[in-house]
Protein chains: 2
Amino acid sequence: MTEISNAEFEVLEALWQNFPASANDIIAKLNESTDGADDKNQDKQWHDKTVKTLLNRLVKKQALSFEKQQRHYLYTPLLEREAYTLKESKSLIERMFSGKVAPLVAGFAKQNDLNKDDINALKSLISDWEKNND
Amino acid sequence: MTEISNAEFEVLEALWQNFPASANDIIAKLNESTDGADDKNQDKQWHDKTVKTLLNRLVKKQALSFEKQQRHYLYTPLLEREAYTLKESKSLIERMFSGKVAPLVAGFAKQNDLNKDDINALKSLISDWEKNND
DNA sequence: ACCTATAGATTACACTTGTAATCATCACTG
DNA sequence: CAGTGATGATTACAAGTGTAATCTATAGGT
């Protein structure tokens, strides 16, 4: 229920990608370079202490649970990624676009931030919607 | 360049709706009940001191300018609403959906948060896009 | 069995944010 | 002309955030 901060979200993100996971697993995942061909990718390095702090805060916020596994903990997210991202999306769209998703997409279109794949994905969504809502 | 907080955004929002405006204009606008038929609309009341603080912060952040008009100031936004909302949208979509807008829309669809109007708006966007991208 | 490296807990600390109250100045009112 | 009420400036202050360092207990190596 409490708010998840940006840094906390990134930690959760790492956990969602594979869980349950130990603090070290998560730290490793966070520091994995998201290598693409471009080398201007100087991904921030996460300091181990920082990640531990964030894990603690997430536990306090009941965004994840942990269970003792011999010496260390294994963490598991208590939030579903999809539910969380939807909530955040809706919140932004509510605040900025009166709850309508189309104006957001329109902004992307205007900026030339859509490609054929995006358009196809949207078309497919629409046809699904129409199938279910005759 | 600095970040605009949520509360600051709401103040900016009021200003975008009509500017230049005095602090009092803005406070009035913010406290205008966004009346709909539903009376469970107990819009938060903005305290005059609070709004003044936020205006000052926005000036410091160079999000708006002001000019002395006799005794009081007239404020004018320095950011365009559309540019700002686009930037925020892109940032969220980058963080949560790898930069792809379709998954966000898919979330809305899944939750039944789209209606015929939304679908039509999206279709129209798509056909415009296709017109410009053969 | 002891010492050390380590994992998690606790503490730190500056900056931002939400929310105002207080201070200083000045224009208008009686 | 003096007092008051408004306007903007300054100050306040707790909670949240990003970013760690220090403390404490303990598991594992020698």
Side-chain angles (χ1 to χ4, degrees), chain A residues 1-15 19-31 42-76 79 84 87-88 91-92 95-96, chain B residues 1-15 19-31 42-76 79 84 88 91-92 95:
Chain A
M1 203 38 114
T2 354
E3 287 308 309
I4 306 283
S5 78
N6 286 358
E8 286 160 1
F9 175 76
E10 294 200 52
V11 170
L12 252 177
E13 189 74 300
L15 190 55
F19 62 85
S22 70
N24 281 342
D25 293 342
I26 294 169
I27 293 163
K29 173 78 71 180
L30 283 168
N31 285 332
Q42 23 66 296
D43 290 321
K44 81 172 278 181
Q45 274 301 109
W46 289 81
H47 194 294
D48 123 317
K49 303 301 187 180
T50 302
V51 178
K52 302 278 186 78
T53 299
L54 293 171
L55 285 171
N56 270 319
R57 289 183 184 167
L58 285 165
V59 168
K60 282 218 189 74
K61 292 181 178 184
Q62 295 180 281
L64 47 87
S65 68
F66 59 105
E67 42 179 343
K68 196 154 262 165
Q69 173 77 3
Q70 57 200 48
R71 276 324 101 212
H72 52 342
Y73 291 163
L74 284 188
Y75 296 90
T76 306
L79 293 177
Y84 180 74
K87 186 166 74 61
E88 289 302 300
S91 156
L92 178 138
R95 294 190 310 117
M96 317 210 153
Chain B
M1 200 40 112
T2 353
E3 287 309 309
I4 306 283
S5 78
N6 285 359
E8 287 159 1
F9 175 76
E10 295 200 53
V11 170
L12 252 176
E13 190 74 299
L15 190 53
F19 63 83
S22 69
N24 281 341
D25 293 342
I26 296 169
I27 293 163
K29 174 78 71 178
L30 283 167
N31 285 331
Q42 24 66 296
D43 291 320
K44 81 173 277 179
Q45 273 301 107
W46 289 82
H47 194 294
D48 122 318
K49 304 300 187 180
T50 301
V51 178
K52 302 277 185 80
T53 298
L54 293 172
L55 285 171
N56 270 319
R57 289 183 184 166
L58 285 165
V59 168
K60 283 217 189 73
K61 291 181 178 185
Q62 296 180 280
L64 48 85
S65 68
F66 60 103
E67 41 178 344
K68 196 152 263 167
Q69 173 78 3
Q70 56 197 48
R71 275 323 101 214
H72 53 341
Y73 291 163
L74 284 188
Y75 296 90
T76 307
L79 294 177
Y84 180 75
E88 289 303 299
S91 156
L92 178 138
R95 293 191 312 116

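Lettering follows sequence order; numbering is per chain, from 1.
Of all nucleotides in DNA chain C having an atom under 4.0 Å from a heavy atom of chain A, the first and last in 5' to 3' order are dA7(C) to dA12(C).
Closest-nucleotide positions on DNA chain D for His47(A) and Asn6(A) were compared, and the one nearer the 5' end corresponds to Asn6(A).
Atom P of nucleotide dT24(D) and atom NZ of Lys49(A) are separated by 14 Å, given to the nearest angstrom. Put simply, CG on Leu58(B) is 16 Å from C1' on dA9(D), counting in whole angstrom units. Atom CG in Asp48(A) sits roughly 11 Å away from atom C1' in dA21(D) (whole-Å rounding). Between the C1' atom of dA9(D) and the OH atom of Tyr73(B) lies a distance of 9 Å, rounded to the nearest Å. The CG-C1' distance, from Asp25(B) to dT7(D), rounds to 14 Å in whole Å. Here dT17(D) presents its P atom at 15 Å from CG of Leu55(A), a figure rounded to the nearest Å. One atom, NZ of Lys60(A), and another, P of dA15(D), lie 14 Å apart when rounded to the nearest Å. Between Leu54(B) atom CG and dA9(D) atom C1' there is a gap of 15 Å when expressed in whole angstrom units.
Interatomic distance, CG of Leu54(A) versus CG of Asn6(A), reported as 11.0 Å (0.5 Å rounding). Rounding to the nearest 0.5 Å places OH of Tyr75(A) at 10.5 Å from OG of Ser65(A).
The side-chain hydrogen bond (donor to acceptor under 3.5 Å, both in side chains) test applied to Glu10(A) returns no partner, not counting sequence neighbours. Ala21(B) pairs by the side-chain contact (heavy atoms from CB on, under 4.5 Å) definition with Leu15(B), Asn18(B), Asp25(B), Ile26(B), not counting sequence neighbours.
For Arg57(B) and dT10(D), a side-chain-to-base donor-acceptor distance below 3.5 Å is absent, hydrogens and geometry of angles not being considered.
Side-chain atoms of Ser91(A) never come within 3.5 Å of backbone atoms of Lys87(A) as a donor-acceptor pair (strictly under, hydrogens ignored).
At the heavy-atom level, Thr53(B) lies under 4.0 Å from base atoms of the strands shown. Within 4.0 Å (heavy atoms only), Ser5(B) reaches sugar-phosphate atoms of the nucleic acid but no base atom.
The two atoms that bring Ser5(A) and Lys61(A) nearest to each other are N-NZ, 4.3 Å, heavy atoms only.
Phosphate proximity of dT7(D) to Tyr75(B): absent, as no side-chain N or O sits under 4.0 Å from OP1 or OP2. OP1 or OP2 of dA9(D) lies within a sub-4.0 Å distance of a side-chain N or O belonging to Asn56(B).
Under a 4.0 Å N-O distance rule, the pair Glu88(A)/Arg95(B) does not qualify as a salt bridge.
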